[in-house]
Participant: 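Here it is, the structure in full.
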Amino acid sequence: MSMQWLDACGTALAIRSGDLSAVEVVAASLRSAATVGASLNCYTATFEEAALSQAQRVDTARKAGTPLGPLAGVPVAVKNLFDVAGLVTLAGSAINRENPAATEDATALRRLREAGAVLTGALGMDEYAYGFTSENTHYGPVRNPHDPSRTAGGSSGGSGAAVAGGCVPLALGTDTNGSVRVPASLCGLFGLKPTYGRVSRGGTAPFVPSLDHVGWLTRSVRDAALAFDLMHGHDPRDPVCSRRALEKTQALLEDGIGDLRIGTAVDYFQAEATPAALDATQEVALALGASSEQIVVDAAQARQAAMIVSAVEGSAMHFDNLRKRPADFDPMTRDRFLAGALVPAEIYVRAQMFRLAFREALQRVFSHVDVLIAPATPMVAPRIGQEIIEIGAKTYPSRAHLGRFTQPISFVGLPVMVVPMRTAGGLPIGVQLIGAPFGEAALLRAARLLEAQQVVEVIRPKG
Amino acid sequence: MSSSDEQLAEFVRATAAVRGLSIDESWTPAVAQYLKRLLDAAQFLETGSLKSEDLAPRFEP
């Protein structure tokens, strides 16, 4: 296999063993960014000089026998809402171009760099992360490597396209309502969104502070586990970051699922979805031996409440600019931000109270199961600009409908691993493995079993 | 435009003015439409016996 399609662990191993040099790996990643990445419009910045210089240091250290970090020489990229020292953090906006450059890396990026990862670029997204398709009026839409006429998903669409397009094996994103899980599903990748507060958001541009999570997209389960092991843990830069003890997952990946109770989410999670999404979910449930069906009561209301919280908190983050310069917002997000600024306070309070009740209801579900299976998106990637999706005899707004199955889950901060499947039509679609709070290890073990049995697979784009 | 749509558009204009937001007239229908979606959504949020003090930070768990 060419180095372009190795996973991060495989790339690191090849560099440690001397089969590949870090310089040639990083140079190849930068070439892909300039060619594939440009055609997919997934990068907003690349760091040629700094990346090659760091790669050279890795090669020098290896030749000198200096111990290397677990990601030494591995190219990575980040959604452009992560602070990168020396770079303006755009967060998909035009307004942020006027900001000074960040002086310090985001904590999650710093932890990857401490493990030897080489940052090659920053990636495109919806403005201020408010969307599921990475259609951005300022910077153009991010395209799906499997079909460039289709969206890569959002808001971490650049992260999905860069990994699925073969530019980097690992990219950081963030997930507020599904923004890691939707691109993972539409681009055919593994996507991990840990428990709320498990991974620091220090040095990231917030969208909805009470819902924002850091997550990542990878080509293998072992990469998702390694990234988790490297990045989770307390950080004073993020006030909600958990003080819970570190829990390493890599050594647990081959433990199987014998002790795990696995269920399938039914009712809401089987409705308003295409057969492709339901078939993929059923296949995963069969492979994992799901032994119960669970109804998540009030999931539809949870999605609605998540929309309210997102609009209100999101608009609060940008209220000054909404007042002073609304015309500078992307028309794709502006209407929703403005609407959020007009919501009566009673409605926001009710949505937050509902959130407490819903969290208790979901905790009851997780007294019966350790892993809950549900579709990630109701359908494969829609076309860029597509307004309506028809499912059965009904039509839905295609952009918003992408979040149907992800929003209720992130609303209460549960960890989720998305695993990729191939549909009969050839396009990918993802399935969510949802865990109890801090249950990332169980999700990674289940995902690894599916990967080993080749039930799930990362599909390389044609051509 | 129905009378309820017009009422909502008027609410958008009036509330925006009070809040110091200048919403272009061409944006108003879309803002009003999304606001209506949020307002409608809130009607179905059952909060049981929870009260707003349940949202308060407390020193004991």
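Each chain gets a letter, A, B and so on, in the order its sequence line appears, and its residues count up from 1.
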Participant: Which residues pass the side-chain contact (heavy atoms from CB on, under 4.5 Å) test with A:Arg244, sequence neighbours left out?
Facilitator: A:Arg198, A:Ser242, A:Phe438
Participant: Let me know if B:Leu39 has heavy atoms under 4.5 Å from chain A in its side chain, its backbone, both or neither.
Facilitator: both
Participant: Can you confirm whether more than 12 heavy atoms, excluding those of A:Glu272, are under 6.0 Å from its CD atom?
Facilitator: yes
Participant: Pick from A:Ala327, A:Gly340, A:Ala311: which one has the most heavy-atom pairs with chain B under 4.5 Å?
Facilitator: A:Ala327
Participant: Heavy atoms only, distances under 4.5 angstrom: which of A:Arg336, A:Arg355, A:Gln301, A:Lys324 has the most pairs with chain B? Name it, please.
Facilitator: A:Arg336
Participant: I need the residue from A:Ala341, A:Ala351, A:Pro344 with the largest number of non-hydrogen atom pairs under 4.5 Å to chain B.
Facilitator: A:Ala341
Participant: Search all heavy atoms of B:Leu38 against all heavy atoms of A:Ile347 and return the closest pair with its distance.
Facilitator: O-CG2, 4.5 Å
Participant: Looking at every heavy atom in both A:Arg323 and B:Ser22, which two are closest together, and how far apart are they?
Facilitator: O-OG, 4.3 Å
Participant: Using non-hydrogen atoms and a 4.5 Å limit, figure out which bit of A:Ala300 sits close to chain B: side chain, backbone, both or neither.
Facilitator: neither
Participant: Is it true that atom CZ of A:Arg359 has more than 12 heavy atoms of other residues, nucleotides or ligands lying nearer than 6.0 Å?
Facilitator: no
Participant: Identify the heavy atoms of A:Arg334 and B:Trp27 that sit nearest to each other, and give their distance.
Facilitator: NH2-NE1, 3.1 Å
Participant: Measure A:Ala306 against the heavy atoms of chain B and call it side chain, backbone, both or neither at under 4.5 Å.
Facilitator: neither
Participant: If I measure from the heavy atoms of chain A, does B:Val12 come under 4.5 Å with its side chain, its backbone, both, or neither?
Facilitator: both
